[in-house]
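Structure record follows, encoded as structure tokens.
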Amino acid sequence: MRLFNTRTRSVEPFAPLRDGRVRIYVCGLTPSAEAHIGHARSFLFFDVLRRYLVYLGYRVDLVRNVTDIDDRSIEAARQSGGDWREIVGGYYASFQRSMRRLHVLDPDHEPHATAYVPQILEMIEELVATGHAYVVEDGVYFRVRSFPRYGALSGRNLDELLIGARIAPGEGKDDPLDFALWKFVKPGEPSWPSPWGPGRPGWHIECSAMARELLGEPFDIHGGGYDLIFPHHENEIAQSESLLPAPPMANVWMHGGLLLFDGRKMSKSLGNFEPLSALLDRHEPQAIRLLFLQTGYRKPMNFTEDSIDGATTALRRLLAAYDAFRAVPAGEAEGDPQGLIDEFAPRFFAALDDDVNTSGAMSVLFELAAAQNRVIAGGAASAAAAFMHQAMDLLGISPVQRSAPIEAAATVSSSFQVGGADYVVEAPQDVDAVLSDAAFARLREALDGAVELDGEPKAQAVELVIVARAQAKSAKDFARADRLRDALKAAGIAVTDLKNGASWTVAG
RNA sequence: GGCGACGUAGCCAAGUGGUAAGGCAGAGCUCUGCAAAAGCUCCAUUCCCCAGUUCGAAUCUGGGCGUCGCCUCCA
């Protein structure tokens, strides 16, 4: 596998530093506001990277931190009169839920900065002891000039930086480029005790301290958004490598391209974004996931809500093809299954090998979907289904649509998907009851609860209607069949007839 | 001003020396009780412009134009 390394500005072969273990640190969220879709893109990429590394047989340790104390959350608490912990906790919970809806797997460690104050202080003490940091009236600062390689990651030199740098009022640092490791407490602010006085950590030191604590140094991959290259990652390197006999602190530095909204970067200062959670309420999360997968992770990407519609269509087609493969009974046709699969699978994995080219990988899946008739005729349906399942799993697209053999299995198969979960359907007990008006009313009620994304769908009720409708159809009672379909539609369930049955989805 | 990226069909987008993936939209067709869905076919002689290197360039070099990002909190 090859990865683009910001440190060397080139794509290079990737190998773990030791033991087949890949240790990754991704700079996570500062939950002082609702997460936006740009955060989603970044974390989603590292999720795919991690899934692929696991597929390659590595043992992956992914750390994604939470900056739970910073100026903005303090300010938000001050304005609302609430507690900063509650504010941060609320935004974080919302973010975590959004990540799960997008099928971003939980990190192995999700350290909060405030839980690592001892480690942070220890590191600052080392930096003070070695002359890389100094104490002044408002805090402890890192002396940038003490680290000769400063600027290497972002390709800047100190004199250029100096032009734009300023010392803000109240900052007692020696050099405009120096940055805070520890900020002494101001009235009304949360604080922790330290050898130099109560205060709180500066932004950059937490990542250095937590990476060192949880992963050890050097570790394999350090990631984050493109906008973190400077100054955040530059500062991390300065802090960590000042204490390290042999740099680098991280072997590979990876940065995800930023997401633009209306051609502009989304940022907290511009405030030009909508909460991710709201967007996920309006669109199928997996479609958003697919949309990101169709663009290279390093490219800036202009996000428009309209583009999700196209991705939703594409996703449906992909899952329909998977369904078609699965619907073919095993051993039905003669052919060369392996030959057919070899047309696709190697190209899929080759794309991922090439700096996680998810766009190229996706295109292979679409080609396979388009070739479904040929693949099925060639007897490769089950092999194709297995490959697609594996491939979609790697990309975090859930193929949980599945066939549910029920009473009239010979003529009816139904598949469904709700909130990415898998459901089992029992044999229908009394189809005639479903056909009565009273039963409809009960069904409607049951289904009203079913359309909640993370709610427990009354899948059995839906399946009963599907069966009843199939029976009405085979009896040529189309009026009744339409009535059943309309009932489901009114309950937010869209039914689509297939060759030998029907599929249904929760309509958006 | 300094540094960096990008510019491929109506839209999105892969491709970094060998003759333009894929998705959406659009057109025609097949299937179909109806709805849909799905499938098939078509859709860039050409990759912002100009010059150059090469047997050969979207890909390399030089120049130009345009867009965006970083240089301040940011994924």
Side-chain angles (χ1 to χ4, degrees), chain A residues 6 9 11 26-30 32-33 35-46 64 67 70-72 75 151 154-157 159-166 168 177 203 223-232 234 255-260 263-270 273 290-291 293-296 298-304 306-318 320-321 323-324 347 351 354 357-367 369-374 376 473 476-479 481-482 485-486 489 494-499 502-503 505:
Chain A
T6 306
R9 286 162 207 275
V11 179
V26 176
C27 285
L29 190 75
T30 300
S32 57
H36 59 59
I37 186 77
H39 296 120
R41 183 193 186 197
S42 179
F43 299 134
L44 204 148
F45 165 70
F46 287 105
R64 192 182 68 203
T67 303
D70 81 318
D71 292 345
R72 278 168 197 281
E75 177 61 19
S154 55
R156 302 157 199 258
N157 66 62
D159 296 325
E160 280 167 3
L161 286 169
L162 207 50
I163 296 167
R166 276 178 310 170
L177 297 176
W203 175 35
Y226 193 84
D227 53 346
L228 294 183
I229 297 175
F230 188 91
H232 183 56
E234 202 71 73
H255 294 95
L258 299 183
L259 195 70
L260 309 176
R264 296 240 139 233
K265 181 189 158 177
M266 280 185 259
S267 77
K268 290 178 182 174
S269 57
L270 291 173
F273 60 84
L290 188 141
L291 184 65
L293 292 173
Q294 285 186 297
T295 302
R298 286 195 279 134
K299 271 194 140 184
M301 173 179 174
N302 191 26
F303 177 82
T304 63
D306 289 346
S307 61
I308 302 175
D309 294 336
T312 306
T313 306
L315 174 70
R316 198 187 321 137
R317 256 190 62 217
L318 208 58
D323 255 5
R347 286 193 293 134
D354 179 19
N357 181 352
T358 52
S359 182
M362 282 307 310
S363 76
V364 176
L365 293 187
F366 282 113
E367 284 181 50
Q372 62 184 263
N373 291 338
R374 184 166 60 88
I376 290 170
K473 279 177 69 181
K476 303 278 185 209
D477 187 350
F478 297 117
D482 290 347
R485 183 170 60 197
D486 290 345
K489 190 178 177 185
V495 180
T496 301
D497 287 342
L498 303 173
K499 265 196 190 115
S503 77
T505 55

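Counting only heavy atoms from C-beta on, Ser363(A) has its side chain closest to A21(B) among A21(B), G33(B), G15(B). Relative to the side chain of His36(A), the nucleotides A25(B), A75(B), C34(B) differ in distance, and A75(B) lies closest. For Ala320(A), counting side-chain heavy atoms from C-beta on, the closest listed nucleotide (C73(B), A38(B), G39(B)) is A38(B). The side chain of Thr295(A) has A14(B) as its nearest neighbour among A14(B), G33(B), G39(B). When distances are taken from the side chain of Arg317(A) to each of A38(B), A75(B), G15(B), the shortest belongs to A38(B). Relative to the side chain of Met266(A), the nucleotides A13(B), C24(B), A75(B) differ in distance, and A75(B) lies closest. With distances taken from any side-chain atom of Ala370(A) to the nucleotides C40(B), G7(B), G22(B), the minimum falls on C40(B). Ranking A13(B), A75(B), C34(B) by closeness to the Arg485(A) side chain, first place goes to C34(B).
Geometrically, Arg317(A) does not engage Phe366(A) in a cation-pi contact, judged by NZ or CZ lying under 6.0 Å from the ring centre and within 45° of the ring axis. The cationic atom of Arg64(A) (NZ for Lys, CZ for Arg) lies less than 6.0 Å from the six-membered ring centre of Phe43(A) and within 45° of the ring axis.
Checking U54(B) for Watson-Crick or G-U wobble geometry (two distances, each under 3.5 Å) identifies no partner in any strand. The partner of A9(B) is absent, by the rule that a Watson-Crick or G-U pair needs both atom distances under 3.5 Å. With both pairing distances under 3.5 Å, U59(B) is matched to nothing as a Watson-Crick or G-U wobble pair. Nucleotide U19(B) forms no Watson-Crick or G-U wobble pair with any nucleotide shown, as no partner meets the under 3.5 Å limit on both distances. Across all strands shown, G4(B) pairs with C68(B); the Watson-Crick or G-U wobble distances both stay below 3.5 Å. A 3.5 Å limit on both hydrogen-bonding distances identifies A27(B) as the Watson-Crick or G-U partner of U41(B).
One interatomic measurement links the two molecules: NZ of Lys476(A) to P of U32(B), which rounds to 11 Å at whole-angstrom precision. In this structure, the NE2 atom of His39(A) is 5 Å from the C1' atom of A75(B), given to the nearest Å. Leu290(A) has its CG atom 14 Å from the C1' atom of A14(B), to the nearest Å. Spacing between atom CZ of Arg298(A) and atom P of G4(B) amounts to 16 Å, rounded to whole angstrom units. Across the protein-nucleic acid pair, Asp477(A) atom CG and G33(B) atom P stand 15 Å apart, rounded to whole Å. For the pair Arg316(A) CZ and G39(B) P, the computed distance is 11 Å after rounding to whole Å.
Taking only distance into account, the side chain of Asp482(A) meets the base of G33(B) through a donor-acceptor pair shorter than 3.5 Å.
Checked against side chain to side chain donor-acceptor pair (under 3.5 Å), Arg72(A) has no partners two or more places apart in sequence or in another chain.
Across all non-hydrogen atoms, the minimal contact from Phe230(A) to Ser154(A) is CD1-OG, 3.5 Å. Closest non-hydrogen pair, Ile229(A) versus Thr6(A), comes out as CD1-CG2, 4.0 Å. Scanning both residues, Gln372(A) and Ala324(A), for their nearest heavy atoms gives OE1-CB, 3.5 Å.
Separating the P atom of A58(B) from that of G18(B) is a span of 11 Å, rounded to the nearest Å. Atom name C1', nucleotides U61(B) and U53(B): the rounded distance is 7 Å, in whole Å. Taking atom C1' in both C48(B) and U59(B), one finds a spacing of 15 Å when rounded to whole Å. Nucleotides C40(B) and G62(B) have their C1' atoms positioned 48 Å apart, rounded to a whole Å. Between C49(B) and A57(B), the distance separating the two P atoms is 15 Å to the nearest Å. Comparing C68(B) with C31(B), their C1' atoms sit 47 Å apart, to the nearest whole Å. G28(B) sits 11 Å from C43(B) when the C1' atoms are compared, rounded to a whole Å. Taking atom P in both C3(B) and A9(B), one finds a spacing of 30 Å when rounded to whole Å.
Residue whose closest nucleotide on RNA chain B sits further toward the 5' end, between Gly155(A) and Gly257(A): Gly155(A). Taking the nucleotide of RNA chain B with the nearest heavy atom to each of Gly28(A) and Gly296(A), the more 5' of the two is matched to Gly296(A).
A salt bridge is defined here as a Lys NZ or Arg NE, NH1 or NH2 lying under 4.0 Å from an Asp or Glu carboxylate O, and Arg156(A) with Glu234(A) fails to meet this definition.
Using modelled atom types, one side-chain atom of Ser307(A) and one backbone atom of Thr304(A) make a donor-acceptor pair closer than 3.5 Å.
Ala311(A) comes within 4.0 angstrom of nothing in the nucleic acid, heavy atoms only. As judged by a 4.0 angstrom heavy-atom cut-off over every strand, Thr30(A) is placed among residues touching the sugar-phosphate backbone only. Residue Phe478(A) is classed as a base contact, given a heavy-atom separation below 4.0 Å to a base.
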Can you pull every protein N or O that's under 3.5 Å from an N or O on nucleotides 67-70 of chain B?
residue: G69(B); atom: OP1; partner: Lys265(A); partner atom: N; Å: 3.4
residue: C70(B); atom: OP1; partner: Lys265(A); partner atom: NZ; Å: 2.4
residue: C70(B); atom: O2'; partner: Arg156(A); partner atom: NH2; Å: 2.9

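Residues Ser359(A) and Gln294(A) have side chains that never bring a donor and an acceptor to within less than 3.5 angstrom of each other.
Phosphate proximity of G15(B) to Asn357(A): present, with a side-chain N or O under 4.0 Å from OP1 or OP2. Contact annotation: Gln372(A) side-chain N/O to A38(B) OP1/OP2 distance is not under 4.0 Å.
In summary, of the residues considered (Lys265(A), Met301(A), Lys299(A), Met266(A)), a side chain to side chain contact (heavy atoms under 4.5 Å, CB included) with Leu258(A) occurs for Lys265(A) alone.
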